[in-house]
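Heads up, the thing below is written out as structure tokens.
Numbers for residues simply follow the sequence, beginning at 1. All of these numbers come straight from a predicted model, not from anything done at the bench.
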Amino acid sequence: MSEPSAFNIKTVEEQAYSETSGLLDQLNLPPGAVRFIRDNKKAIQITAAVIIVAVVVGSLYRSYRVKRLENAASSLALALSVEGDARAQGLQQVADDFSGTPSALWATTELGHQAMKDALYKQAIGHYSQVRDKISASNPMYGLLSYAIAQANEAGKSYEAAAAAYSDLKEIDGYKDEGYRGMARVLEAQGQNDKALAVYQEYMGSFLGENHDEQAKKIIMEKITRLRVQ
């Protein structure tokens with residue numbers, strides 16, 4: 001009878017099974033655990049492979065994300081270090097190349113500021129709105145951008161849009177004063193003095209129970225008096 005060949009498939013399988021069995025026995029695992037591993041060996045190997053791949057991919061993505069944020073911040077700093085057309089082009093490049101990063105949002109905001117300086121109010125509103133739409137209402141920038149949008153509408157003499165923007169602004173924590181004053185101001189600019197008077201009166205009523213600047217109250221009362229006699 002011939003000896004079993006080392007290259008015989010059955011022999012190889014038996015040796016592999018024997019090695020695996022010996023390893024499991026050496027780990028002193030409970031019999032039930034050993035039996036489970038033997039019965040589900042293929043599934044366990046696949047699961048382990050998936051976990052390893054997920055860990056590697058996650059690590060690579062984190063490294064990519066960190067590098068992208070660093071590149072975005074560096075590009076933003078470079079864009080802000082120059083003036084004129086080069087500055088605008090650099091900021092737009094940051095916004096385009098690093099979309100979704102804080103640096104891209106800041107670059108778009110800076111483009112809005114530049115448009116305001118150049119009296120390009122519709123462009124400014126577009127930039128500010130683009131950033132505001134990507135952040136939550138709890139973000140500190142939300143109120144600032146809402147205020148900037150209201151000011152851009154007012155500067156561009158889009159009074160109805162400005163009044164609506166200021167009306168929304170007075171509901172944002174920390175911007176109540178700017179909201180009321182801006183809303184009344186644009187109503188006056190439209191000759192709607194009765195509505196402006198109502199806004200100032202509502203503004204004064206909002207002071208109840210609050211410690212407010214007496215000088216501010218005095219100014220508002222003067223505006224109310226002036227509007228009443230017109």
Side-chain angles (χ1 to χ4, degrees), residues 79-80 82-96 99 104-207 212-213 215-230:
L80 292 173
V82 295
E83 297 296 336
D85 291 342
R87 180 190 181 94
Q89 291 172 3
L91 291 171
Q92 189 62 59
Q93 195 72 38
V94 173
D96 293 340
S99 177
L105 295 179
W106 190 258
T108 305
T109 302
E110 285 294 326
L111 286 170
H113 294 340
Q114 187 60 53
M116 279 290 288
K117 290 179 182 178
D118 296 338
L120 301 172
Y121 303 119
K122 288 185 178 180
Q123 285 189 25
I125 293 167
H127 289 308
Y128 292 143
S129 297
Q130 183 181 347
V131 177
R132 191 180 66 171
D133 290 345
K134 293 180 179 179
I135 62 177
S136 67
S138 60
N139 190 308
M141 283 187 68
Y142 190 89
L144 288 169
L145 290 165
S146 297
Y147 188 29
I149 290 169
Q151 288 184 311
N153 275 304
E154 182 180 2
K157 300 187 185 304
S158 298
Y159 292 129
E160 289 187 10
Y166 281 122
S167 180
D168 292 338
L169 188 67
K170 61 188 177 66
E171 304 301 326
I172 299 176
D173 287 344
Y175 291 89
K176 183 185 76 172
D177 296 342
E178 288 79 4
Y180 274 112
R181 286 198 295 262
M183 191 175 177
R185 188 170 57 248
V186 296
L187 287 170
E188 283 192 76
Q190 296 177 87
Q192 300 182 39
N193 293 344
D194 289 344
K195 290 184 178 180
L197 174 60
V199 170
Y200 280 127
Q201 289 173 331
E202 181 184 342
Y203 186 22
M204 281 295 293
S206 71
F207 292 165
H212 215 84
D213 183 0
Q215 183 64 25
K217 289 182 179 180
K218 181 180 178 181
I219 292 172
I220 296 166
M221 283 303 303
E222 289 175 353
K223 290 181 180 294
I224 289 173
T225 302
R226 176 175 53 79
L227 287 170
R228 279 175 175 169
V229 299
Q230 286 182 352

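- Proximity of a side-chain donor or acceptor of Arg87 to a complementary backbone N or O of Leu80 within less than 3.5 Å is detected.
- For the 3.5 Å distance criterion, the side chains of Asp85 and Gln89 fail to qualify, holding no donor opposite an acceptor.
- Summarising the geometry of Lys217 relative to Met204, their closest heavy-atom pair is O-SD, 4.1 Å, with the distance given to 0.1 Å.
- Using a cutoff of 4.0 Å between basic side-chain nitrogens and carboxylate oxygens, Lys195 and Glu188 are not scored as salt-bridged.
- Nearest approach of Tyr159 to Gln190, heavy atoms of both residues: CB-CD, 3.3 Å.
- To the nearest 0.5 Å, atoms NE2 (His127) and CG (Leu120) are separated by 8.5 Å.
- When every heavy atom of Ala107 is checked against every heavy atom of Ala95, the shortest pair comes out as CB-N, 4.3 Å.
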side-chain contact (heavy atoms from CB on, under 4.5 Å) assessment of Tyr147 paired with Ile172: CA-CA 10 Å; Tyr147 188 29; Ile172 299 176; over 6 Å; no

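- Atom NZ in Lys218 sits 13.0 Å away from atom CD1 in Ile220 (nearest 0.5 Å).
- Lys223 is not listed as a side-chain neighbour of Arg181, based on a closest heavy-atom distance of 4.5 Å or more.
- Note that CG of Leu187 is 10.0 Å distant from CD of Glu160, once rounded to the nearest 0.5 Å.
- Of the inter-residue distances, the one linking Lys134 atom NZ with Ser99 atom OG reads 4.5 Å to the nearest 0.5 angstrom.
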Evaluation steps, side-chain contact (heavy atoms from CB on, under 4.5 Å), between Ser129 and Ile149: CA-CA 7 Å; Ser129 297; Ile149 290 169; 3.6 Å; yes

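- We find the CG-CD1 distance between Asn153 and Ile125 to be 3.5 Å, quoted to the nearest 0.5 Å.
- Dense packing is recorded around CG of Asp96, with more than 12 heavy atoms of other residues, nucleotides or ligands lying under 6.0 Å away.
- In summary, the side chains of Glu202 and Tyr180 do present a donor paired with an acceptor at a separation below 3.5 Å, with no hydrogens or angles considered.
- Between atom NE2 of residue His113 and atom OG1 of residue Thr108 there is a gap of 11.0 Å, rounded to the nearest 0.5 Å.
- Minimum heavy-atom separation, Lys176 to Ser206: NZ-OG, 3.4 Å.
- At least one side-chain heavy atom of Leu145 sits under 4.5 Å from a side-chain heavy atom of Ile135.
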Tyr175/Lys170 under side-chain contact (heavy atoms from CB on, under 4.5 Å): CA gap, chis, key distance, verdict: CA-CA 6 Å; Tyr175 291 89; Lys170 61 188 177 66; over 6 Å; no

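- Closest non-hydrogen pair, Ala150 versus Ala162, comes out as O-CB, 4.0 Å.
- By the ring-ring contact (aromatic ring centres under 6.0 Å, His included) test, Tyr166 is found to be paired with no residue, residues two or more places apart in sequence or in another chain being considered.
- Leu169 approaches Gly179 most closely through the heavy-atom pair CD2-N, 4.0 Å.
- Proximity of Met141 to Thr109: side-chain heavy atoms (C-beta onward) are separated by under 4.5 Å at one or more points.
- Asp177 and Tyr203 are linked by a side-chain donor-acceptor pair at a separation below 3.5 angstrom, with hydrogens and angles left out of the test.
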Test side-chain contact (heavy atoms from CB on, under 4.5 Å) applied to Met116 and Tyr128, step by step: CA-CA 10 Å; Met116 279 290 288; Tyr128 292 143; 3.6 Å; yes

